[in-house]
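Notes to accompany the following structure.
Here, residue 1 is the first one in the sequence, and each next residue gets the next number.
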Amino acid sequence: MSVHDSIVRLEQSLTQLGASLDDVVLIAGDLPECDDEPALVDALRDRATGVRGEVHAAFAAAHRFAIADAHRACNAAARRIRTELMVRANFEEIAAIAVTRGGAWNRWSEVVRQALDEVAAASETTGAALLDCWRELAAQYRIPV
């Protein structure tokens with residue numbers, strides 16, 4: 001693999017991460033009943049949209065071959081995913097909504113949890129792609145890693 005190929009792979013993983021975040025925004029807002037929206041829905045949409053901005057910055061930096069800038073933006077996105085989306089309180093609240101409201105809310109909570117899991121998996125893939133960029137760059141300059 002070349003540096004160029006590794007950056008293309010990073011861009012692809014960032015595109016997938018962005019799509020996963022977009023899914024959270026859409027899925028969280030696809031409510032069984034629209035008249036009484038839980039506060040968590042708005043929070044998830046806002047947080048996922050905020051992380052999406054970090055992913056966009058990482059993609060733009062990778063596209064310019066600015067790997068260090070891409071790395072900083074990826075780190076910011078990963079940190080926000082861990083601290084704003086994948087926190088235990090969110091999952092507890094999603095489960096509580098399902099228990100309290102029942103019916104179609106059970107399916108909604110399941111789909112939201114799956115969407116969040118996909119964000120976490122896409123974030124891991126992005127981290128691995130970023131590491132490959134650094135490895136390829138080091139190999140190009142014969143720097144042992």
Side-chain angles (χ1 to χ4, degrees), residues 1-139 145:
M1 181 182 316
S2 68
V3 173
H4 179 268
D5 291 341
S6 66
I7 289 178
V8 167
R9 182 171 170 246
L10 175 60
E11 289 175 334
Q12 290 169 341
S13 68
L14 287 164
T15 299
Q16 180 56 49
L17 178 55
S20 296
L21 289 162
D22 290 344
D23 286 348
V24 169
V25 171
L26 292 173
I27 290 167
D30 187 18
L31 305 173
E33 302 163 14
C34 293
D35 58 332
D36 186 21
E37 181 177 290
L40 178 65
V41 172
D42 228 10
L44 286 175
R45 284 192 301 236
D46 289 347
R47 293 169 187 163
T49 300
V51 175
R52 186 72 166 92
E54 303 288 353
V55 171
H56 178 73
F59 185 93
H63 195 68
R64 296 186 323 270
F65 280 55
I67 298 173
D69 291 342
H71 196 152
R72 273 190 285 282
C74 285
N75 282 352
R79 183 174 39 259
R80 290 184 73 179
I81 288 167
R82 275 191 322 275
T83 63
E84 296 178 21
L85 291 175
M86 301 303 296
V87 293
R88 182 181 200 152
N90 286 348
F91 288 96
E92 289 172 352
E93 191 169 345
I94 290 167
I97 289 168
V99 168
T100 303
R101 295 178 182 221
W105 288 95
N106 288 320
R107 178 69 182 134
W108 174 87
S109 68
E110 195 176 300
V111 172
V112 171
R113 289 174 62 98
Q114 288 171 353
L116 290 171
D117 287 344
E118 288 176 23
V119 168
S123 181
E124 290 286 326
T125 300
T126 298
L130 185 60
L131 179 58
D132 286 343
C133 288
W134 286 116
R135 283 185 176 141
E136 289 303 320
L137 189 61
V145 286

* Asked: Side chains of Met86 and Asn90: does their closest heavy-atom pair fall under 4.5 Å?
  -> no
* To do: State, with a plain yes or no, whether a side-chain heavy atom of Leu137 is found less than 4.5 Å away from one of Ser6.
  =>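 No. Closest side-chain heavy atoms not under 4.5 Å.
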* List the atom of Ala48, the atom of Val25, and the distance in Å for their closest heavy-atom pair. => CB-CG2, 3.7 Å
* Nearest atoms (heavy-atom pairs only) where Ala70 meets Ala58 ->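 Scanning both residues completely, I find the closest heavy atoms to be CB-O, 3.7 Å.
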* Exam field: side chain Ser123 to backbone Val119, donor-acceptor pair closer than 3.5 Å -> no
Calculate, to the nearest 0.5 Å, the distance between atoms [atom1] and [atom2] belonging to [X] and [Y] respectively.
| X | Y | atom1 | atom2 | answer |
| --- | --- | --- | --- | --- |
| Glu93 | Thr100 | CD | OG1 | 10.0 Å |
| Ile67 | Arg72 | CD1 | CZ | 12.0 Å |
| Arg45 | Glu37 | CZ | CD | 4.0 Å |
| Glu11 | His63 | CD | NE2 | 6.0 Å |
| Phe59 | Thr126 | CZ | OG1 | 11.5 Å |
| Ile81 | Glu54 | CD1 | CD | 9.5 Å |

* Asked: Does Glu124 CD have over 12 foreign heavy atoms under 6.0 Å away?
  -> no
* Structure fact -> With Ser13 as partner, the option from Leu17, Leu10, Thr15 fulfilling side chain to side chain contact (heavy atoms under 4.5 Å, CB included) is Leu10
* **Residue among Val41, Asn106, Leu40, Val112 satisfying side chain to side chain contact (heavy atoms under 4.5 Å, CB included) with Ile97** =>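 When Val41, Asn106, Leu40, Val112 are each tested with Ile97, the side chain to side chain contact (heavy atoms under 4.5 Å, CB included) holds only for Leu40.
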* To do: For side-chain contact (heavy atoms from CB on, under 4.5 Å), just list the numbers for Val55 and Arg52, CA-CA rounded to whole Å, side-chain angles, deciding distance to a tenth of an Å, and then say yes or no.
  => CA-CA 5 Å; Val55 171; Arg52 186 72 166 92; 4.3 Å; yes
* Kindly determine whether Asp69 and Arg64 satisfy side-chain contact (heavy atoms from CB on, under 4.5 Å), including the steps that lead there. => CA-CA 10 Å; Asp69 291 342; Arg64 296 186 323 270; 3.5 Å; yes
* Asked: So which pairs with a foot in residues 104-131 pass ring pair (Phe, Tyr, Trp, His ring centres under 6.0 Å), sequence neighbours left out?
  -> Trp105-Trp108
* **Step-by-step side-chain contact (heavy atoms from CB on, under 4.5 Å) determination, Leu21 to Leu85** => CA-CA 10 Å; Leu21 289 162; Leu85 291 175; 3.7 Å; yes
* To do: Please step through side-chain contact (heavy atoms from CB on, under 4.5 Å) for the pair Leu116 and Arg113, ending with a clear verdict.
  => CA-CA 5 Å; Leu116 290 171; Arg113 289 174 62 98; 5.7 Å; no
* Selection residues 94-107 - residue pairs positive for salt bridge (Lys or Arg N to Asp or Glu O under 4.0 Å), sequence neighbours left out ->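 Found Asp36-Arg101, Arg107-Glu110.
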